[in-house]
2 protein chains.
Amino acid sequence: MGITTSSQSPKLLFRQLFETESSTYTYLLADVSHPEKPALLVDPVDKTVDRDLSLVKDLGLKLIYAINTHVHADHVTGTGLIKTKSPGVKSIISKASNAKADLFVEAGDKIRFGDLFLEVRATPGHTVGCVTYVTGDGPNQAHPRMAFTGDALLIRGCGRTDFQGGSSEQLYKSVHSQIFTLPKDTLLYPAHDYKGFTVTTVEEEMLYNPRLAKDEETFKNIMKNLNLQYPKMIDVAVPANMNQAIEIRWEADI
Amino acid sequence: MGITTSSQSPKLLFRQLFETESSTYTYLLADVSHPEKPALLVDPVDKTVDRDLSLVKDLGLKLIYAINTHVHADHVTGTGLIKTKSPGVKSIISKASNAKADLFVEAGDKIRFGDLFLEVRATPGHTVGCVTYVTGDGPNQAHPRMAFTGDALLIRGCGRTDFQGGSSEQLYKSVHSQIFTLPKDTLLYPAHDYKGFTVTTVEEEMLYNPRLAKDEETFKNIMKNLNLQYPKMIDVAVPANMNQAIEIRWEADI
Ligand SMILES: [Fe+2]
Ligand SMILES: [Fe+2]
């Protein structure tokens, strides 16, 4: 395979961060060529907010957005705490999630930070409001592109589909139409990994994902027969994450 | 700071892998432009060998070297197991470590894989035989450069200096003369991280490393007063890691 596994833009600063208890990845992205070095965090966790804000400070960045891929059931989002500690940061989640946030996004929206942006793709199926954030396509944007898939696609896996409006049929369609159609060298960064992997590519998952590389019927059968336990954090995490922001405002123009 | 945090070469495939029990990072590097796609692993762990070899296979790589930065005291190296499961792979460690391996390296040696190479820098102090592997300098090599620092330099920290021939004075000199003299945007990848960080840069550590950014006397005092516990795996790991390879051969020409 003709893949490389690092992405580069003269403007992009990128950091992957891990929270061990829930095995969650948080991602920091910033436009360091812009005078203000505007930055955003994808899927911050409450327990690692101090670490993340300290890194933002060390790197001289200005955090403007704290973004979630979906309403997490396994950890409490760091968004609320970030907004308390760093007023001015705006929380973002999909409109379809029905969660609270400062800003709501839907398919096709662009989240701009400096000259860089993330494009929003609707990838429901793990939850009804899951979205995938994809770095922009263009000369100054990251190359290869990078996609933050949340739990829609995990490395050699995917999120469960039996809670929060999940649907295996919808997840299959989401991944095949919104993620597997990206360029093959697109770097995929999930919300979790439980085996110590940090990144994969569209090409790799199309070939080797043990669930999603199969046909739709096989996938639906796999998901139906997972026999997973009731998510241990769900009754704490979901209500907290539905109310993640302190203010509720609608702003379409982001 | 004008830093970016991803490295790129048209030839380099790079993957960072994590072993949760010992919080160890293993690194996979390969020249994917070369017909054989020769690859090497830095600091593999025995418990994750199957994961690593399965990834090597999925990516169509030919693993040629399994390399250690030093004789680890906190986990058993994967080198022995890799050689059993994948005959033909050669183990590499520093000559100064006095450990067994197929190939021994010292300062200035180059470890070549396809058109890419790692340069060896002696960075004793955590152990007597610690080395740092730095990606080559040149048009097809990774840019920014990448350094695999083992436990000589950790993100906002460093390895202890009270066992295995350690010396705080030597570690200070090693880091300041061999790592902090690299270009400021050099990406530093340690053998461990305990807070979920994945990477740092020379510039960041020169500014913010709470130990090594200090003057030498302060550093030596910090290290003398750490009051760390006896390393829990040391009596198992060190003898195992000293004997990591099945064959012992000297080959200077690598
Ligand atoms: Fe989830
Ligand atoms: Fe060590």
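Naming: A, B, ... by sequence-line order, numbering from 1 per chain.
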> Does the side chain of A:Lys195 come within less than 4.5 Å of B:Thr20's, by heavy atoms?
Replying inline: no

>> With a 6.0 Å cut-off (strictly less than), is the heavy-atom count around CD of B:Glu216, excluding the residue itself, greater than 12?
In response: yes

>> With a 4.0 Å cut-off on N to O distance, would you call A:Arg15 and B:Glu204 a salt bridge?
In response: yes

> What is the distance from atom CG of A:Leu13 to atom OG1 of B:Thr201, rounded to the nearest 0.5 Å?
Replying inline: 9.0 Å

>> Please report the interatomic distance CG(B:Leu17) to CG(A:Asp193), rounded to the nearest 0.5 Å.
In response: 9.5 Å

>> I need the minimum non-hydrogen distance between B:Leu55 and A:Phe197, along with the two atoms involved.
In response: CD2-CE2, 4.1 Å

> Would a distance-only check, ignoring hydrogens and angles, find a side-chain to backbone donor-acceptor pair under 3.5 Å from A:Thr198 to B:Gln16?
Replying inline: yes

